[in-house]
S.K.: 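Mind having a look at this structure? Questions to follow.
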Amino acid sequence: MPENLPSDSSAAGPIEPQSSAKRRANAPLWLGFLIVLFAFLSYIPIFAKYPVTRDMPWASFLIFALGFIFLFAGLRRAFSQPTAYRGKIAGPILTTISVAALVFFCLTIFSLGKHLPPSAQAPKVGQKAPDFALTDASGKTVSLASLLSTSATSQPVKGVVLIFYRGYW
């Protein structure tokens with residue numbers, strides 16, 4: 001029997017080195033992915049309600065940035081210390097999905113959001129607006145006809161500015 005073979009011949013395969021420490025989960029990688037997922041899914045139910053975050057989704061972009069900071073920290077950790085942390089396979093996959101979510105978010109907000117269908121009932125520029133009545137800040141009902149009419153005590157109103165905030169829900 002050769003001298004370089006192990007004395008125990010019951011081992012069927014090659015001997016693999018045993019590491020004394022088990023690899024730990026890469027928490028920043030998964031936390032970053034969850035934050036990016038939250039940024040993608042939270043725009044419609046949370047941020048689209050308010051004009052300050054609907055017109056320019058800065059809050060969503062801040063959440064995306066925070067998620068990408070955690071993702072890249074987790075990637076760096078996975079590739080610089082592969083014996084201590086997991087994530088060399090899941091890291092690039094999660095990062096690719098996150099980048100695709102950001103690209104799709106930007107595409108829908110900035111490109112597809114500008115191609116809303118035209119409104120058939122909206123008045124055209126220069127066309128006389130239909131009469132309507134709304135309540136003012138004090139709770140008194142005010143109609144468009146009353147604003148345009150002239151009263152004996154006041155000067156005639158030259159016009160009324162109507163601002164339409166158009167949306168598509």
S.K.: The test is side chain to side chain contact (heavy atoms under 4.5 Å, CB included); show your working for Tyr43 and Ile109 and say whether it passes.
M.R.: CA-CA 10 Å; Tyr43 176 73; Ile109 296 298; 3.3 Å; yes
S.K.: Hey, any chance Phe110 and Trp58 share a hydrophobic cluster, counting ILVMFWY side chains that come within less than 4.5 Å of each other, even indirectly?
M.R.: no
S.K.: Which heavy atom in Lys49 sits nearest to a heavy atom in Arg54, and how many Å separate them?
M.R.: O-NH1, 3.9 Å
S.K.: Consider only side-chain heavy atoms of I, L, V, M, F, W and Y, link residues closer than 4.5 Å, and tell whether Val103 and Phe33 are in one cluster.
M.R.: yes
S.K.: Of the non-hydrogen atoms in Ile63 and Ile35, which two are nearest, and what is the gap between them?
M.R.: O-CG2, 3.3 Å
S.K.: Can you name the closest pair of heavy atoms from Ala78 and Asn26 and give their distance?
M.R.: CB-ND2, 3.5 Å
S.K.: Can you tell me how far the CG atom of Leu75 sits from the OH atom of Tyr85, to the nearest 0.5 Å?
M.R.: 14.5 Å
S.K.: Atom CG of Leu71 and atom CD1 of Ile97: how far apart are they, to the nearest 0.5 Å?
M.R.: 10.0 Å
S.K.: Say you draw a straight line from OG1 of Thr141 to CG of Asp136; how long is it, rounded to the nearest 0.5 Å?
M.R.: 8.0 Å
S.K.: Look up atom CG in Leu34 and atom CG in Leu29, then write down how far apart they are to the nearest 0.5 Å.
M.R.: 10.0 Å
S.K.: Determine whether Val160 and Leu144 satisfy the following criterion, side chain to side chain contact (heavy atoms under 4.5 Å, CB included), listing intermediate values before the conclusion.
M.R.: CA-CA 8 Å; Val160 175; Leu144 181 62; 4.1 Å; yes
S.K.: Specify whether Phe104 and Phe40 have parallel, tilted or perpendicular ring planes, treating 30° as the upper limit for parallel and 60° as the lower limit for perpendicular.
M.R.: tilted
S.K.: Give, for atom CD1 of Ile93 and atom OG of Ser98, the distance between the pair rounded to the nearest 0.5 Å.
M.R.: 11.5 Å
S.K.: If I compare all heavy atoms of Phe70 with all of Gly32, which pair ends up nearest, and what's the gap?
M.R.: CB-CA, 3.5 Å
S.K.: Which heavy atom of Arg77 sits nearest to which heavy atom of Pro28, and what is that distance?
M.R.: NH1-CD, 3.0 Å
S.K.: Do Leu31 and Val99 land in one hydrophobic cluster if side-chain heavy atoms of ILVMFWY residues count as linked below 4.5 Å?
M.R.: yes
S.K.: Assign the ring pair Phe68 / Phe64 to parallel, tilted or perpendicular, where the plane angle (0 to 90°) is split at 30° and 60°.
M.R.: parallel
S.K.: Identify the two heavy atoms, one from Ser146 and one from Val142, that lie closest to each other, and give their separation to 0.1 Å.
M.R.: OG-CG1, 3.9 Å
S.K.: Under the criterion side chain to side chain contact (heavy atoms under 4.5 Å, CB included), I'd like the reasoning laid out for Ile46 against Phe38: C-alpha separation, chi angles, the key distance, then a yes or no.
M.R.: CA-CA 11 Å; Ile46 298 172; Phe38 174 75; 4.3 Å; yes
S.K.: Return yes when atom CD1 of Ile89 has more than 12 non-hydrogen atoms of other residues, nucleotides or ligands closer than 6.0 Å, and no otherwise.
M.R.: no
S.K.: Membership question, hydrophobic clusters at under 4.5 Å side-chain separation (ILVMFWY): are Phe105 and Leu107 in the same one?
M.R.: no
S.K.: Pair Lys22, Arg86 - check side chain to side chain contact (heavy atoms under 4.5 Å, CB included), show working.
M.R.: CA-CA 10 Å; Lys22 190 175 180 181; Arg86 297 180 187 164; 4.0 Å; yes
